[in-house]
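Down below is the structure, laid out as structure tokens.
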Amino acid sequence: MPAARESLLDAAYTALAHRPWSTVRMVDVAAVAGVSRQTLYNEFGSKEGLARALVRREADGYLAGVERALAAHADARERLVAAAEWTTSAARGNVLVRAMLTGCWSERLPSPTLSAVPSSSAVPAQRRADGPLPSPADFVALVRDRAVAALSGPGAMRDVGELAGACELVVRLSLSCVAAPPGEGGVTELVRGALPRQLR
């Protein structure tokens with residue numbers, strides 16, 4: 001991603017932390033990023049395009065974190081625990097990730113349509129952002145499938161359906177912890193207690 005685009009997305013995210021999206025002005029985002037307003041419009045096309053790109057970046061960052069969590073341990077159970085912990089911490093620390101995972105978009109946030117929008121952008125990253133954005137159900141499937149792929153192989157559960165069920169259970173447990181934070185032991189103990197013993 002070009003540096004100017006990343007700087008503009010950083011500036012938009014920072015602005016969103018301080019005021020509702022409806023009051024964020026394109027000229028202010030450009031000024032904070034140190035580029036002209038025309039550069040901002042060339043990159044994103046509109047404020048809606050900027051919002052879609054910001055949501056896409058945060059979605060990609062969340063999914064990259066899932067991949068890192070799944071690769072952080074050799075033990076399958078601990079891989080799933082790490083993915084669940086990442087999900088709850090990412091949602092706590094990032095209002096856009098929380099909104100994407102739960103589908104609860106407040107009036108303070110941009111709320112881009114999940115379906116694709118017509119794109120005439122010459123910028124490949126913007127054409128991707130203008131494509132369909134993941135819904136909460138899409139995130140469940142994406143994380144489940146990444147977990148299944150990470151845990152498949154020699155020594156894993158033989159039944160792929162059972163493995164997929166265990167992975168989906170972990171995703172849904174972690175999302176429930178986003179909506180209703182657990183007490184003592186947190187998501188870690190919930191996930192460890194819910195996973196089948198034969199998961200290695």
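This one's a predicted model, so the numbers in the text were calculated from it and none came from an experiment.
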Next item on the list: Using atom types as modelled and distance alone, determine if a side-chain donor or acceptor of Arg79 lies under 3.5 Å from a backbone N or O of Leu70.
Entry: yes

Check: So, Asp130 side chain and Arg127 main chain: donor-acceptor pair closer than 3.5 Å or not?
Finding: no

Next item on the list: Could you check if a side-chain atom of Arg25 sits within less than 4.5 angstrom of a side-chain atom of Lys47, using non-hydrogen atoms only?
Entry: no

Please list every donor-acceptor pair under 3.5 Å in which a side-chain atom of residues 59-67 meets a protein atom from a residue at least two apart or in another chain.
| unit_1 | atom_1 | unit_2 | atom_2 | d |
| --- | --- | --- | --- | --- |
| Asp60 | OD1 | Arg128 | NH2 | 3.2 |
| Asp60 | OD2 | Arg128 | NH1 | 2.6 |
| Tyr62 | OH | Thr87 | OG1 | 2.8 |
| Glu67 | OE2 | Arg146 | NE | 2.8 |

Next item on the list: Please name the pair of heavy atoms, one in Leu173 and one in Val191, separated by the smallest distance, quoted to 0.1 Å.
Entry: CD1-CA, 4.3 Å

Next item on the list: Report yes if the side chains of Trp21 and Glu107 come closer than 4.5 Å at any heavy-atom pair, otherwise no.
Entry: no

Margin query: For a 4.5 angstrom cut-off between non-hydrogen side-chain atoms, does Thr113 reach Arg52?
Written below: yes

Notebook entry, point to check: After noting the C-alpha distance and the side-chain angles of Phe139 and Leu101, does the key distance pass the side-chain contact (heavy atoms from CB on, under 4.5 Å) rule?
Noted result: CA-CA 7 Å; Phe139 277 111; Leu101 293 177; 3.8 Å; yes

Checklist line | Nearest atoms (heavy-atom pairs only) where Arg77 meets Leu195 | finding: NH1-O, 3.4 Å

Next item on the list: Look up atom CG in Leu190 and atom OG1 in Thr88, then write down how far apart they are to the nearest 0.5 Å.
Entry: 10.0 Å

Check: Is any side-chain heavy atom of Leu114 closer than 4.5 Å to a side-chain heavy atom of Pro132?
Finding: no

Note to self: Working note: Val178 + Ser174, criterion side-chain contact (heavy atoms from CB on, under 4.5 Å); need CA distance, chi angles, decisive distance, verdict.
What the structure shows: CA-CA 6 Å; Val178 168; Ser174 60; 5.8 Å; no

Margin query: For Ser7, give me all partners under side-chain contact (heavy atoms from CB on, under 4.5 Å), at least two apart in sequence or on another chain.
Written below: Ala33

Next item on the list: Could you check if a side-chain atom of Arg98 sits within less than 4.5 angstrom of a side-chain atom of Cys104, using non-hydrogen atoms only?
Entry: no

Margin query: If only side-chain N and O atoms count, and only distance matters, is there a donor-acceptor pair under 3.5 Å linking Thr188 with Glu85?
Written below: yes

Next item on the list: Could you tell me whether the side chain of Glu78 reaches within less than 4.5 Å of the side chain of Arg192, counting heavy atoms only?
Entry: yes

Notebook entry, point to check: Heavy-atom distance under 4.5 Å between the side chains of Thr102 and Pro136, does that happen here?
Noted result: no

Margin query: Let me check something: do Leu133 and Val95 share a hydrophobic cluster, defined by ILVMFWY side-chain heavy atoms less than 4.5 Å apart, either directly or through other members?
Written below: yes

Notebook entry, point to check: Between Leu169 and Ala194, what is the shortest heavy-atom contact and its length?
Noted result: CD2-O, 3.7 Å

Item checked: Nearest non-hydrogen partners of Ala51 and Pro110, listed with the distance -> CB-CB, 3.6 Å

Note to self: Between Arg5 and Glu43 (side chain of the first, backbone of the second, donor and acceptor by atom type, cut-off under 3.5 Å), is there such a pair?
What the structure shows: yes

Item checked: Min side-chain heavy-atom separation Leu8-Val29 under 4.5 Å -> yes

Next item on the list: Could you tell me whether a side-chain N or O of Glu58 sits under 3.5 Å from a main-chain N or O of Asn94, the two making a donor and an acceptor?
Entry: no

